[in-house]
Amino acid sequence: MVGTRFPGVLAASLLAALVATAVAVRAAAAFPLLAENTPNDRGQSVSLSWTSPTPPPARWILLRRQSGGAFAPIDTLEGTVHSFTDESEDKKGVQDGVAYQYQLLADPPNPALNSDVSSAATPGPEWVDTAKMNVLVVLLLFFAVLFYYINQAHRGVRWKFRTIPGLIAIEEAIGRATEMGKGVLYIPGVQDIDDIQTIASMIILANVARMTAKYETRLSVPTNAPAVYTVADEVVKSSYQDVGRADAYQTDMVRYVTTEQFAYVAAVNGMMLRERPAANLLLGAFFAESLLLAETGHSIGAIQIAGTANVHQMPFLVVACDYTLIGEEYFAASALLSNEALLLGSLKAADVVKLIMIVLILCGCLLMSFGHPLVAEWFATQ
Amino acid sequence: MSPGLSSLKQLDRRWIFLAVALLVVIPLAVGIHIAPVAPSPRTRGFYDAIEKVPSGSTVLLAGDYDPSTVAENYPMHLAAARHLMSRDVKIIGLALYPGGPPLTDQVLRLAAAEYGKKEGIDYVNLGYKAGNELVMSQMGSSIPRTFPVDRRGVPVDQIPVMHGVQNYANFPLLVSISAGYPGTKEWVQQVVSRYHLPMVAGVTAVSAPEYYPYLQTGQLRGLLGGMAGGAEYEVLVKHPALATRGMDAQSLAHVFIALMILLGNLAFLGEDRSRRR
Amino acid sequence: MKRQIPTLITLVAGLFCLIGFFVPHPAIRTLYDDIQQWVIVIVGATYVLGVANLLRINLGQMSARARDWPFKVVLLVGLIGTTAIGFSEGTHYLDPTSRFTWIYNTFYSSMSSTMFSLLAFFIASAAFRAFRIRSFEALLLAIAAFILMIGRVPIGNAIHPAIPAAADWLMEVPQNAAKRGILIGAALGVVATGIRLILGMERTYGGRGAGGTS
Amino acid sequence: MHVSASPGVWIAALLTLGIFSFLYKDNPVYKFCEHLFVGVSAGYWVVLTYYSSIKPNLIDPLFGVPFAMDRHLLLVIPLVLSLFLFSRFFPRGDWLSRWSIAIILGVYPALRITGFAQGDLVQQIGGSILPFWVPGHPMTSLNNVLLVGGLLATLVFFFFSTEHKGAVGGIARVGVFFLMVSFGASYGYTVMARVSLLIGRVMFLLDTWLGVVRF
């Protein structure tokens with residue numbers, strides 16, 4: 001209670017009177033107080049909710065008792081509040097497995113505004129968070145489809161996928177570079193080797209290296225991470241061996257330039273202006289430097305093909321390059337080139353899930369248009 | 001094609017650099033006022049969400065950016081701190097970007113000086129924590145365990161503003177000032193979707209388009225995009241400062257770049273008709 | 001033996017955290033929180049490892065008088081100097097008046113913000129030299145770029161209030177539709193890659209890098 | 001015009017101009033600034049990471065507090081795994097660091113899967129289910145049709161199982177149009193971002209350093 005001049009004992013007795021009046025005046029125009037075990041939590045928590053009468057009192061005094069015990073105040077709430085969670089981190093709060101009852105007393109005291117005594121609520125933890133059922137269902141559906149198709153792919157099943165214009169453009173660009181007797185510059189992005197886009201770039205590099213080996217076209221691959229250098233060098237060397245042109249492979253084809261973003265750009269732009277490659281392939285994770293690389297490449301008249309999943313760099317690559325692989329097209333291209341069961345199975349699974357989603361959204365919208373928002377509600381997390 | 005246009009092709013790009021420099025320096029030095037700043041609905045959503053926060057409650061203010069985007073993020077961060085403190089709302093600040101803590105410090109100290117707020121009682125800077133989304137996820141279980149001490153090394157149980165703060169349930173609003181990863185997207189994924197905490201975000205212009213889908217679903221109640229968003233918010237908070245002042249240079253530079261696109265296409269019109277996409 | 005244990009750790013930690021998301025019961029959630037608290041520390045250690053690596057590489061290049069080695073000396077002086085001053089000031093390292101904060105404001109803050117501001121110049125020159133409108137798609141891109149560039153600054157509103165309105169509509173409807181398609185596609189990719197990583201089906205080469213500004 | 005007297009501001013201004021010199025051409029001054037920046041930021045990271053993450057979350061609870069018995073003892077595990085990371089520096093010990101990276105490669109994807117599944121799949125699909133006609137609001141109805149239509153067309157473009165010919169090809173091309181508009185919007189916003197960063201630096205040079213104009 002607010003620090004009154006009278007000693008604490010007087011305040012306590014005033015409170016006792018309050019409690020007594022609450023119990024005595026049962027039939028006053030009270031309002032229901034709902035108490036329930038807080039759902040989807042780790043236990044030791046009771047949730048209270050009510051619709052306070054209008055006008056609500058200035059404050060509420062919240063009383064709690066264990067079944068059979070005496071009411072005792074545990075908190076003072078603002079009058080405007082209409083819900084409260086009774087929990088506390090240290091062990092003094094409500095305990096699991098014990099039944100509790102609550103009541104709201106108006107402060108300043110006004111028996112007409114007090115609430116009913118709530119039904120007994122027993123706090124306890126839950127094993128499953130029901131609010132996240134839709135996420136669980138979506139995930140389980142996707143995993144099921146994913147592993148089904150990966151399994152199919154491992155058993156040798158192959159599906160027909162659409163041609164990816166970007167891949168054809170890469171072959172044409174290398175062919176043109178060979179005719180003009182010029183080189184091919186392959187930039188594998190600026191992320192380290194653990195980035196999924198860099199791994200995909202290594203797969204495409206393997207195919208590009210096979211082509212440059214066959215056509216004896218000059219290939220240079222500047223990297224900006226030591227780990228990417230070691231992997232790329234390995235990929236290019238084995239590609240040249242696959243095509244039986246191990247002799248055409250030179251150690252300076254793949255080079256580690258530097259890790260710092262702008263120093264790497266300055267060095268690669270320098271290489272472009274000196275070596276004047278006929279084809280620039282920018283495939284991997286790019287950030288703010290994609291603009292600078294694409295601009296210099298454009299200024300030397302090279303055919304430029306770019307691909308990245310970093311969508312924020314797409315605008316610069318689309319306008320400056322001859323062809324761009326947009327987001328998922330980039331990953332699909334590397335999956336098709338790799339011909340690996342794991343990647344092809346995942347690609348097919350993603351397609352099937354997209355088809356399900358398209359149908360689902362269409363049905364959901366049609367139902368919504370006729371006034372049945374059940375699909376939207378199921379997706380909205382509670 | 002007229003000779004004038006073809007000679008444009010050999011234009012050394014350093015002339016363009018010079019033009020950009022002049023277009024930015026002159027308006028800033030002279031301070032001409034081209035056009036008033038008109039707040040957009042998204043900015044009003046950000047403002048209204050903070051207006052709805054009951055005074056005396058505590059809000060989480062995440063400053064996930066570093067000096068590289070200070071020009072865009074710092075004005076919003078400062079304006080939000082001023083707005084919250086002017087409404088007597090307590091602030092728990094943190095930064096999941098390594099370069100963030102000193103900026104959060106400056107913002108909170110500057111705003112506190114203007115509104116007579118004291119560190120530890122009205123606001124605290126929890127500083128940086130490694131782990132990106134992991135930190136956001138763990139704050140849902142226990143903030144004192146994830147941040148045992150604040151930026152100064154003071155244990156949080158000795159800091160008044162941290163009393164009773166256990167997890168996201170204690171906050172009426174999350175304000176995210178963000179530049180990239182980790183930032184607004186991760187706060188929406190790990191916190192708003194999981195704990196249903198109302199959230200607004202002030203982000204760099206580069207990342208703003210990515211967050212419009214979150215605005216449409218209501219996962220974000222308001223969004224400030226880039227320096228222009230910051231300027232609009234400064235107008236609503238009636239505290240025109242850093243962002244507003246840059247608007248003239250911003251306008252001129254944008255017009256110039258739009259012209260460059262047109263000119264570029266005219267100059268190279270005939271050139272690569274042959275190489276269609 | 002050396003190969004199986006890491007794969008096992010990834011499998012157990014990954015599946016446990018995946019299940020832990022759906023189970024609030026303390027029997028699971030307590031260990032779920034413990035594991036995540038541990039990884040917060042380990043990720044912190046990987047940053048220190050990264051810098052230690054940088055120190056090792058540059059020391060090697062400096063002693064071997066590799067190309068540009070004088071600049072490597074500058075890098076090492078900056079690295080060791082900042083670290084020494086920082087640790088000398090203990091937990092007061094970020095106080096407003098500390099020497100470490102002075103280094104932050106004078107060197108780190110100034111150069112970091114200048115580095116990105118270079119891009120304003122390059123965007124202008126690329127707008128002139130590398131923004132080719134040679135297809136209907138590129139034309140759509142250019143029109144949207146114009147509306148946004150002019151609509152998002154006060155001058156747009158001064159010319160005609162319809163421009164900012166068009167910019168708002170363009171952002172809220174067509175841009176939103178496409179971005180949402182990309183978001184959903186990317187989400188499927190992340191979930192597929194994530195589960196393949198946890199089950200050890202994905203071939204990976206190394207540790208996880210830190211965050212970054214796009 | 002009252003030029004700043006603080007040495008810190010002068011050094012910062014000279015470093016700023018040093019980096020701008022890259023615009024003229026890559027030169028030793030730029031290389032000096034760039035390497036200094038990489039060194040200072042690495043040093044900043046080490047000190048910050050230690051005092052903000054390693055000391056408060058590992059060292060203090062494990063060693064500092066008078067040996068708290070309960071869950072803090074388990075912190076031996078992250079301590080050991082963190083030390084394993086540094087085995088990379090020893091020729092033979094490299095495989096130990098894979099254990100530490102393995103737990104990261106388990107926990108992060110799990111967090112990503114649930115975060116993306118909830119934030120970007122479930123809620124975005126939920127937000128895309130809109131009525132095609134809202135009586136009395138023709139504009140909202142049109143917007144809903146465009147929003148859902150654009151999303152479906154974009155998804156069809158990212159559909160790889162059928163050739164883009166005929167009806168599917170048409171829808172995919174519409175999807176590309178929507179994508180191009182969103183790329184144009186991103187272009188406009190990126191221009192705004194980069195220009196703002198330059199404005200920020202020029203404000204520093206003009207106001208804090210040269211004191212040309214007090215704002």
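The shown structure was predicted, so the numbers you read here are calculated from the model rather than taken from an experiment. These numbers come from the heavy atoms of this one structure, side chains and all, not from hydrogens, waters or symmetry mates. Note on naming: letters A, B, ... go to the chains in the order of the sequence lines (proteins, then strands), and numbering restarts at 1 for each one.
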statement: Cut-off 4.5 Å, heavy atoms of chain D, and the answer for V138(A) is side chain
task: Using non-hydrogen atoms and a 4.5 Å limit, figure out which bit of I358(A) sits close to chain D: side chain, backbone, both or neither.
output: both
- prompt: Quick one: does S141(D)'s side chain have a donor or acceptor within less than 3.5 Å of a partner on V134(D)'s backbone?
  reply: yes
task: Report the relative orientation of the aromatic rings in Y187(D) and F316(A); use parallel for angles under 30°, tilted for 30 to 60°, perpendicular for over 60°.
output: tilted
message: Need one label for Y30(D): side chain, backbone, both or neither, based on atoms under 4.5 Å from any heavy atom in chain A.
response: side chain
F370(A) vs W133(D), ring pair (Phe, Tyr, Trp, His ring centres under 6.0 Å): CA-CA, chis, key distance, verdict: CA-CA 9 Å; F370(A) 289 100; W133(D) 56 85; 5.5 Å; yes
message: Quick one: does any side-chain atom of E126(A) pair with a main-chain N or O of N40(A) as donor and acceptor, under 3.5 Å?
response: yes
Proximity breakdown for L155(D) and chain A, heavy-atom pairs closer than 4.5 Å: both
message: Check whether Y264(A) forms a cation-pi arrangement with R255(A) (NZ or CZ under 6.0 Å from the six-membered ring centre, at most 45° off the ring normal).
response: no
- prompt: So which part of E34(D) gets closer than 4.5 Å to some heavy atom of chain A, the side chain, the backbone, both or neither?
  reply: side chain
message: Checking the side chain of N310(A) only, and the main-chain atoms of A285(A) only, is there a donor and an acceptor separated by less than 3.5 Å?
response: no
message: Between L179(D), T190(D), L121(D), who has the most heavy-atom pairs with chain A when the cutoff is under 4.5 Å?
response: T190(D)
- line: Interface check, chain D: of C365(A), G364(A), A332(A), A266(A), most non-hydrogen pairs under 4.5 Å belong to C365(A)
- request: Measure L366(A) against the heavy atoms of chain D and call it side chain, backbone, both or neither at under 4.5 Å.
  value: both
field: Heavy-atom side-chain contact between F160(D) and E329(A) under 4.5 Å
entry: yes
field: Minimum-distance pair of heavy atoms, taken over all atoms of A267(A) and V257(A)
entry: CB-CG1, 3.3 Å
- prompt: Do other residues, nucleotides or ligands put more than 12 heavy atoms under 6.0 Å from Y24(D) OH?
  reply: no
query: So what's closer than 4.5 Å to chain D heavy atoms on F142(A): side chain, backbone, both or neither?
result: neither
query: With a 4.5 angstrom heavy-atom cut-off, which part of F143(A) approaches chain D: side chain, backbone, both or neither?
result: side chain
query: When only pairs under 4.5 Å are counted, which of A117(D), G126(D), S186(D), S161(D) shares the most heavy-atom pairs with chain A?
result: S161(D)
- prompt: Which bit of L367(A) is near chain D, if near means a heavy-atom gap under 4.5 Å: side chain, backbone, both or neither?
  reply: neither
task: Could you have a look at F37(D), F159(D), F157(D), F132(D) and say which one has the most heavy-atom pairs with chain A under 4.5 angstrom?
output: F159(D)
